[in-house]
4 protein chains.
Amino acid sequence: MVVILKHNTTREETQEIIRWIKELGNVEVNPIYGTQTTILGLVGDTSSIDINRIQSNSHVENVKRIQEPYKRANRKFHPDNTIVDVAGRKFGGEDLQVIAGPCSVETEEQIIEVAKAVKAAGATLLRGGAFKPRTSPYSFQGLGQNGLELLLKAKEATGMPLVTEIMNINHLPLFENVDLIQVGARNMQNFEMLKELGKINKPILLKRGLANTIEEFLMSAEYIMAGGNENVILCERGIRTFEPQTRNTLDISAVPLLKRLTHLPVIVDPSHAAGITWLVEPLSKAAIAAGADGLMIEVHNNPSKALSDGAQSLKPCEFEAIMEKLKKLAVFEGKHIG
Amino acid sequence: MVVILKHNTTREETQEIIRWIKELGNVEVNPIYGTQTTILGLVGDTSSIDINRIQSNSHVENVKRIQEPYKRANRKFHPDNTIVDVAGRKFGGEDLQVIAGPCSVETEEQIIEVAKAVKAAGATLLRGGAFKPRTSPYSFQGLGQNGLELLLKAKEATGMPLVTEIMNINHLPLFENVDLIQVGARNMQNFEMLKELGKINKPILLKRGLANTIEEFLMSAEYIMAGGNENVILCERGIRTFEPQTRNTLDISAVPLLKRLTHLPVIVDPSHAAGITWLVEPLSKAAIAAGADGLMIEVHNNPSKALSDGAQSLKPCEFEAIMEKLKKLAVFEGKHIG
Amino acid sequence: MVVILKHNTTREETQEIIRWIKELGNVEVNPIYGTQTTILGLVGDTSSIDINRIQSNSHVENVKRIQEPYKRANRKFHPDNTIVDVAGRKFGGEDLQVIAGPCSVETEEQIIEVAKAVKAAGATLLRGGAFKPRTSPYSFQGLGQNGLELLLKAKEATGMPLVTEIMNINHLPLFENVDLIQVGARNMQNFEMLKELGKINKPILLKRGLANTIEEFLMSAEYIMAGGNENVILCERGIRTFEPQTRNTLDISAVPLLKRLTHLPVIVDPSHAAGITWLVEPLSKAAIAAGADGLMIEVHNNPSKALSDGAQSLKPCEFEAIMEKLKKLAVFEGKHIG
Amino acid sequence: MVVILKHNTTREETQEIIRWIKELGNVEVNPIYGTQTTILGLVGDTSSIDINRIQSNSHVENVKRIQEPYKRANRKFHPDNTIVDVAGRKFGGEDLQVIAGPCSVETEEQIIEVAKAVKAAGATLLRGGAFKPRTSPYSFQGLGQNGLELLLKAKEATGMPLVTEIMNINHLPLFENVDLIQVGARNMQNFEMLKELGKINKPILLKRGLANTIEEFLMSAEYIMAGGNENVILCERGIRTFEPQTRNTLDISAVPLLKRLTHLPVIVDPSHAAGITWLVEPLSKAAIAAGADGLMIEVHNNPSKALSDGAQSLKPCEFEAIMEKLKKLAVFEGKHIG
């Protein structure tokens, strides 16, 4: 950490600040006295020092962090890839996992039909929404607990591990047979939820918030890991920008950046990123080429009757055609789907 | 709502789509057959129609909403200002309310001292954080329930109504004596929390999310109002942009825009918007000049020892000096503080 | 400037880097050897050091600038406000200047009528576009040289100093009788144009680019000043964000920030920022309250027949009503319009 | 185009507006009278109608464009890919073009060495900057005309077609032997320059502005094409977002979107998008996988001595290693490099 002092700070005031910082954490403080500015270099474990407290000192002009504020998620302290095992499906290794299914569960028939179709096409995990985050209180909010039961029937019928979103930490007991619990983009900084998910053992799929930096994303993973649950899979799903043609802007650089900064698996959701069906194929290919460990794709057996997000859902036959191409690209990249 | 059909849609297909849309909601559908494009104009109450479902029809190129999707928050259906009464302090009328206090409660002595100081300077409500949303799991998380008790002591000692943030809906019973419950920016789209807050009677202070549009902000207010609780106060607190000099960018236009779109009171938080102490004064003045119904300002008796957000906190003497100016500006604007 | 070296840099490599940096500029380099990271503190005049060259050294992890990269525009080296005199109208002092007029000049009758109306209402300078930057090649591009002549007639008829935009540096000879040359947002980083404008003596009105940081804005002012022309007035006119309700988002914080970082005058264009007529009043008031030295407002005698930007233009009677309020607010702020 | 009228517009006023719109352009106007809102559907060629003029009518609430405002760049009117031939290198067909070279030309030795190296590695065109757009007036501005001469020597020595940036339209005569003239991101909306480039015959490489939408990007291409020069190649190079880890955010979706909206070739510049050397490989692969027609990559023989943008430049050996992988990926995608 580097602390820049204000112009007119005296040597005595500087000495006092050095003493104060040493009290705040177990660090050494090295001053550099410049002609115009004095800089303090903090050496040691600065992750426990609250940058805001230092910034609030009236003699401090600016504070710049040099080390990443995350530890357990940091590849520096854990050079090898973490492999997260979701009911036998391994994320982070040579297998590319493809999670597929409808945005919302609607009926038993629908979810079982889609589940069978995506399995046949090569998807390795089933997704489906029972509790749905919707911008409008007047939109379909998902089937809730009943939806979860239908999803479990589809899991049973196909043997596919199940991924679904939690929106209320009080629902956790209902998720006992869910294999991978999704934290949606809007809850990425619902810290109370993250803390609770840190206390369980189940793998967590953490989606990046719409306007969250990569560092904030990793700090949210750190919340879960700090609680003891190291089974976290990260999902890039598009960020909010000024461009109106796509629902969000897929931040493809986030894939190689995250793979370098953290040892956790990283997947991409091209369906939510773009919000447009025909962009799913090129964005899925880009994600694999950039090094993603998996994909999450919306598929619906009848998109125009879907109760939510139909515009971005593929039909099973479209999904099948894309999967053929993705399997070949995976092989080209030395990986394997299914 | 206007539905634009794809280029090659036939008259028969268009007729079928018209029938389908009529089934979806109680609307009339008027087609305009152009040389290149057919447009459908939907007339009636379109707020119950799910725009995603229409968008997912394979013949639909695009759907554009014309009416606002919010009803209870909409000024069109409620032309007069709503006055929200928080323990006698009225938001939305001729009184300008100033909520002040520290980011985090730390000790009984601290909170009572600050409370007395801000009251003396003219603040009308006391704020203080007991449950704190922090990006890092290693930062101070607030004193929690103990902090809430200290806040209530300060309320008692000064007679000021109390504003504090809820981060977990399970904590609601602890907020019985809190006068205005704050929903933070990161929870603006925590829909499960909004639904629960819709069931109570207490006023809610809803902060705009970092990257949420004004329409999404109003839809979140609509969630609370749809549940039956119409006591919602909106707070603009800065949005995320590319500019690095300020923590966030205060969207000053949001104030007059919200005042026109909704009948709910609108206040501004200049402390979080900028993250810089000396910007609080000019931004507070700009907010009043733009028509805000109130302000929320961080004040700490010893900012450089503050456990969180010290950099943006004013000292009581600085707050007092600013309040003198704000009171005069309020009078100039035909309003009144304190 | 602070240079952070990579993890595994040896002491010998560090010594070599120190020698190399000393060759690049006239600076002292102080190393701090940490347990994990070595930091180099550069002391002296670092403004001539190219940050990119240092960043490209294979041992360098990161470089952080501590001093501002602008000199002539920097208030640190020029504490007093610069007063820019535009044909007798002083920007940057106790007078608040209001520049008003139509987006585009259309006819002699129109521009003279508007000029007289805005003068009567209290505007102190006349604006009007002869060369118009339009997104579409098929939109009206302005009357060009003929438009400039009409503007000069309006200047003569009213005695108001004239402000108009230059889009091509080859047109400079045509601007001889223009009093304040505007560089539009899209040309803020047209460095070739800035260099040429640095060679003349005439005041320049530099508008902030749609997605430019405050530092980049000041660096563009620095381009003009480095050439010898210190008569630069800065204009905040809204930045591009994700919010669709307004054309741009007025960055109101830019006003006090710029006033602190630079000694140059700062004005606000509320018409282009919002793109909505009825927002001009609250945003103008906010700008004055936040400390702006002036305003630039679009006024048209018949907005619905305007050939460009009619939606954001006020009618003369609306402008007059707003000016009444702004004059009073200026007096309240210890300033004066007209 | 759809025009939404304000709430209280009478039938007579509506009739008058319809007459007025018909005068503005050769269109039919169909009204839909709703219970709350009247909508006008405009049918015909609306590209010549100025949306701002309609928006400025006091009875108009909102105007929504349905057809794209670009014609010559629009794939709808030109379904086949345009192949742009740059001295024998074809952009937009089955060949993937790779433009490589240093950010700035520095010496004859340097540019010839790099040119030979990138040619040997498989690059098909040479890039190099002679006129450099730099944020700071104190940074190296390029060698200018001398630099251009050195570039032409490197072209002669290697036979590679030359790509370089124009910053001042008055320099055009110097570009006679340049094969592909680059318009940089900061000049994407320098409309005066675009108009001049529309009058010549040489291919133009148009880079997307930092904060420009895809529609604005295509409108700038339209400026050049409207002048008669249809040899335009589009280059996505990253947009400005809130994420600080990369210099810009590569908008990978822009590749398939542009390929669908326009018939022009689309390439990607991964070096400027990320600003980080080690991201060039994954982003180049993502670009090819997403359907790009080519790449533009910075290579320098001694990046740490580079006078500009060293941090994002590859060494020739690194470039060679990446090219091996890209050639294979191109073949996998049914394309061909070199």
Side-chain angles (χ1 to χ4, degrees), chain A residues 20 47-48 50 52-60 69-71 131 133-141 167-171 186-195 198 209-212 215-216 219-220 222-223 225-227 239-240 277 300 303-313, chain B residues 20 47-48 50 52-58 60 69-71 103 131 133-141 167-171 186-195 198 209-212 215-216 219-220 222-223 225-227 239-240 277 300 303-313:
Chain A
W20 173 66
S47 69
S48 63
D50 197 330
N52 286 317
R53 286 194 72 177
I54 296 187
Q55 213 135 25
S56 66
N57 187 297
S58 56
H59 292 296
V60 170
Y70 42 92
K71 285 180 173 179
F131 300 97
R134 303 300 305 273
T135 304
S136 166
Y138 310 124
S139 295
F140 173 60
Q141 307 276 317
M167 282 183 58
N168 184 330
I169 199 63
N170 296 336
H171 295 162
R186 291 177 188 80
N187 280 316
M188 193 203 89
Q189 292 195 317
N190 183 337
F191 302 120
E192 293 284 312
M193 184 184 275
L194 300 179
K195 284 179 195 171
L210 266 176
N212 286 110
E215 189 171 296
E216 287 169 346
M219 290 310 288
S220 286
E222 190 82 9
Y223 256 99
M225 297 172 88
I239 57 173
R240 187 155 268 183
T277 304
H300 196 279
S304 77
K305 291 205 175 142
L307 295 175
S308 62
D309 278 347
Q312 69 200 25
S313 290
Chain B
W20 172 67
S47 68
S48 63
D50 197 331
N52 286 316
R53 287 195 71 175
I54 296 187
Q55 215 135 23
S56 65
N57 187 297
S58 57
V60 170
Y70 41 92
K71 285 181 174 179
C103 183
F131 300 96
R134 304 300 305 273
T135 304
S136 167
Y138 310 125
S139 295
F140 174 59
Q141 307 277 316
M167 283 184 58
N168 184 331
I169 199 64
N170 297 337
H171 296 160
R186 292 177 186 79
N187 279 317
M188 192 202 90
Q189 291 195 317
N190 183 337
F191 302 120
E192 292 284 311
M193 184 184 273
L194 300 179
K195 284 179 195 171
L210 267 177
N212 286 110
E215 190 171 296
E216 288 168 347
M219 290 311 287
S220 286
E222 190 82 10
Y223 257 98
M225 297 172 89
I239 57 173
R240 188 156 267 185
T277 304
H300 197 280
S304 76
K305 292 206 176 142
L307 296 176
S308 63
D309 278 347
Q312 70 199 26
S313 290

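Below, chain A is the first sequence line, B the second, and so on; all start at residue 1.
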Max heavy-atom pairs within cutoff under 4.5 Å with chain B, candidates A/M225, A/K71, A/M167, goes to A/M167

Part of A/P133 lying under 4.5 Å from any heavy atom of chain B: both

By side chain to side chain donor-acceptor pair (under 3.5 Å), which residues pair with B/E216, not counting sequence neighbours? A/R240, B/N212

Closest approach of B/A226 to A/Y138 (non-hydrogen atoms, all atoms of both residues): CB-OH, 4.1 Å

Which distance, rounded to the nearest 0.5 Å, do you find between the CD of A/E192 and the CZ of B/F131? 7.5 Å

Can you name the side chain to side chain donor-acceptor pair (under 3.5 Å) partners of A/Q141, sequence neighbours left out? B/K195, B/Y223

Among the listed options A/N187, A/N170, A/I239, A/L194, the residue most often paired with chain B at heavy-atom distances under 4.5 Å: A/N170

Approximate separation, where rounding is to 0.5 Å, of A/E222 CD and B/T135 OG1: 12.5 Å

Nearest 0.5 Å please: distance from the OG atom of B/S220 over to the CZ atom of A/R186. 9.0 Å

Options B/L210, B/N190, B/I169, B/V60, ranked by heavy-atom pairs under 4.5 Å with chain A, top entry: B/N190

